[in-house]
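Structure, as structure tokens:
No hydrogens, no waters, no symmetry mates; every other heavy atom, side chains included, goes into these values.
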Amino acid sequence: MLRLVVDHSGKERRVAGLYLITDQGERLVPRVREALGSGGVALLQYRDKVRSYEERLALGSDLKHLCAEFQAQFIVNDDLELALALDADGLHLGQEDGDPAAARAALGPKKLIGISTHSVEEALAAQEAGADYIGFGSLYPTETKDVEHLQSPEALAHLRQQVQIPIVAIGGISRDNACPVIDAGADAIAVISAVLSSRSPGLAATELSLLFNRTQPQPRGGVLTIAGSDSGGGAGIQADLKTITLLGSYGASAITALTAQNTRGVTGIHPSPPAFLAEQIDAVLSDIPIDVVKIGMLCSPENAEIVADKLTAYEMRIVVLDPVMSAKGGVALLEDEALSVLKKRLVPASYLVTPNIPEAEALTGLTITDSAGMELAARALHLMGARHVLVKGGHLTEGVVTDILFDGSGFTRFSAPRVLTRNTHGTGCTLASAIASYLAQGEPLPSAILRAKLFVTRAIKYSQPLGKGHGPVNHFLAARDQGE
């Protein structure tokens, strides 16, 4: 969505968030539609150096209608005549591509004018010339063109102190390197291939736009946990909401089942009626801004189907699935028929799946005895449709606990020393909820996993022997340590 920012003079800025620039590839309109449909694109710049004027006019008209449909600003690059013909929301000019004063005279005071700049001097000149925003870059090397003026987040931070108008950072920006740019003061980040070359432009746009939550006051981002209730308070909905709140996000919940449970085990399970589970999810997602959905215990196949239906209906793209199948004492928390729904519908709908080794074995049919087996299972789950897979290594007997992330192209390992304690109740719920919280707060996935891994390791370290069985991890002390 379009984010409105107010500068020190009280003037409304209309440039903030994700700024998407078109490429010259085929099927541009469908790819842009998917990106805009994510709700994350604030501005679209139509840049075309190849097509004839008539072709640009027709394609530009299609893109403008898409922007109107999805409430994004439509900007034309370097072509005043085309901007006028399309009644675009604005015009972006390069240093040698037009006179800002002439553009303002032709477009009028209500249209946006942006100017590309590569130094503080050029930025100040653009501001003096009446630009509404400046493009600044290139922040990183880029594959789309040769970089003559390479900048840095530090240079952007210095520029931020010098100008009052919005800054659009441009050049080589991706999900994994955008955070220093946003932290340096960029109001918007401009991307091309990071979204339009993705196999899922909508998901890529969602990932990038979510990074701007890091600039918001706490609680940052909303997380909906869909899971079972643990009456003992160590796992399930209770562990999820403790984690989400202590880490600084807003937590909402939909309860799939009630359990009679303590540190010694589960003595009773009462599934939520499917219609009531659906009503809970509708109540939250129809009203409260939710950035990430975390799924835990589902219990019945009917409730698993309801959750899958609602994820589709509300087009939730950032879903963290913790495929809970049994309690610490071994009691089944997922009916056999529900496993099939999990595999067929929820794994493919997930941004991240976080199975431990027994869960990965149940989902894939593989036997896992070492890290090579974990990698094989991660690949299998990715082939089942999960965008990312984090196989947790806590069930292996090594002295170091290593979790392995597979993103479809490579593996990343996250390791921490094993804490020797029996008080580990709620570790899986806590890790998945921590990842969901950090994603909602504007951390890219690798960073969210790393921070969550550190959090749950501390929570185990500080766990206390409450009750007579497996005591819960200590969310409070782990969060206090995390903030220091």
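For the atom pair CG of N356 and CE of M374, the computed distance is 10.0 Å after rounding to the nearest 0.5 Å. Rounding to the nearest 0.5 Å places OG of S350 at 12.0 Å from CZ of R345. The structure places NE2 of H475 at 10.0 Å from CD1 of I244, a figure rounded to the nearest 0.5 Å. Note that the CZ atom of F414 and the CD1 atom of I449 stand 4.5 Å from one another [nearest 0.5 Å]. In this structure, R104 CZ and D132 CG are separated by 4.5 Å, a value rounded to the nearest 0.5 Å. Rounded to the nearest 0.5 Å, atoms CG (N213) and CD (Q441) are 8.5 Å apart.
Q73 and Y19 share no side-chain donor-acceptor pair at under 3.5 Å. For the residue pair S409 / D407, a side-chain donor-acceptor distance below 3.5 Å is found, with atom types taken as modelled. Side-chain contact of D282 with Y314: a donor-acceptor pair under 3.5 Å is present, judged by distance alone. Looking only at atom types and distance, the side chain of S249 has no donor-acceptor partner in the side chain of S437 under 3.5 Å away.
A378 and V391 get closest at one heavy-atom pair: CB-CG2, 3.9 Å. Taking both residues in full, the closest heavy atoms of A434 and A452 are given as CB-CB, 3.5 Å, listed atom of the first, atom of the second, then distance. For A239 against C429, the heavy-atom pair with the smallest separation is CB-CB, 4.3 Å. Between L342 and P348, the closest heavy-atom pair is O-CD, 4.4 Å.
Electrostatic pairing of E443 and R175 does not count as a salt bridge here, judged by no charged N lying under 4.0 Å from a carboxylate O. Of the charged side-chain nitrogens involved, at least one lies within less than 4.0 Å of a carboxylate oxygen, so that R33 and E69 count as a salt-bridged pair. Between D187 and R160 there is a salt bridge, since a side-chain N of the basic residue sits under 4.0 Å from a carboxylate O of the acidic one. Using a 4.0 Å cut-off between a side-chain N of Lys or Arg and a carboxylate O of Asp or Glu, D23 and R31 qualify as a salt bridge. Salt-bridge formation is detected for the pair K49/D78: a Lys NZ or Arg NE/NH1/NH2 atom is positioned less than 4.0 Å from an Asp or Glu carboxylate oxygen. Using a 4.0 Å cut-off between charged side-chain N and carboxylate O, D403 and K453 make a salt bridge. Between D87 and K111 a salt bridge is recorded (basic side-chain N to carboxylate O distance below 4.0 Å). Between D291 and R220 there is no salt bridge, since no side-chain N of the basic residue sits under 4.0 Å from a carboxylate O of the acidic one.
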The test is side chain to side chain donor-acceptor pair (under 3.5 Å); show your working for Y351 and E207 and say whether it passes.
CA-CA 10 Å; Y351 178 70; E207 288 181 296; 2.5 Å; yes
When you look at L346 and L311, which way does the side-chain contact (heavy atoms from CB on, under 4.5 Å) test go after all the steps?
CA-CA 9 Å; L346 288 172; L311 294 178; 3.8 Å; yes
Test side-chain contact (heavy atoms from CB on, under 4.5 Å) applied to I21 and N77, step by step:
CA-CA 9 Å; I21 302 174; N77 183 73; over 6 Å; no
Stepwise salt bridge (charged side-chain N to carboxylate O under 4.0 Å, His left out) check, E305 with K310: CA-CA 9 Å; E305 292 279 10; K310 294 303 178 183; over 6 Å; no
Q.
Set out, in order, the CA-CA distance, both residues' side-chain angles and the distance that settles side-chain contact (heavy atoms from CB on, under 4.5 Å) for I295 and V307, then state yes or no.
A. CA-CA 9 Å; I295 300 172; V307 172; 3.7 Å; yes
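P323 has its side chain within reach of L363: a pair of non-hydrogen atoms, C-beta onward, lies under 4.5 Å apart. Side chains of V120 and H158 form a contact here, defined as non-hydrogen atoms less than 4.5 Å apart. A heavy-atom distance below 4.5 Å is not found between the side chains of V293 and L321. Considering only heavy atoms from C-beta on, S200 comes within 4.5 Å of E34 through its side chain. In this structure, the side chains of L156 and V181 come closer than 4.5 Å at one or more pairs of heavy atoms. The shortest distance between side-chain heavy atoms of D481 and R458 falls below 4.5 Å. For the pair L196/V32, a side-chain contact is recorded, criterion being any heavy-atom separation below 4.5 Å from C-beta on. Proximity of L450 to Y438: side-chain heavy atoms (C-beta onward) are nowhere separated by under 4.5 Å.
Each of T243, I435, V473 was checked for a side-chain contact (heavy atoms from CB on, under 4.5 Å) with F455, and the lone residue meeting it is T243.
Judged as a side-chain hydrogen bond (donor to acceptor under 3.5 Å, both in side chains), and not counting sequence neighbours, Q95 has no contacts. Partners of F411 under the ring pair (Phe, Tyr, Trp, His ring centres under 6.0 Å) rule, at least two apart in sequence or in another chain, are F406.
With hydrogens and angles ignored, the 3.5 Å screen pairs a side-chain donor or acceptor of T256 with a backbone N or O of A227.
Residue Y53 places its OH atom among more than 12 non-hydrogen atoms of other residues, nucleotides or ligands, all under 6.0 Å distant. Environment of CD in Q218: crowded, with over 12 heavy atoms of neighbouring residues, nucleotides or ligands closer than 6.0 Å. Atom NZ of K110 is surrounded by 12 or fewer heavy atoms from other residues, nucleotides or ligands within 6.0 Å.
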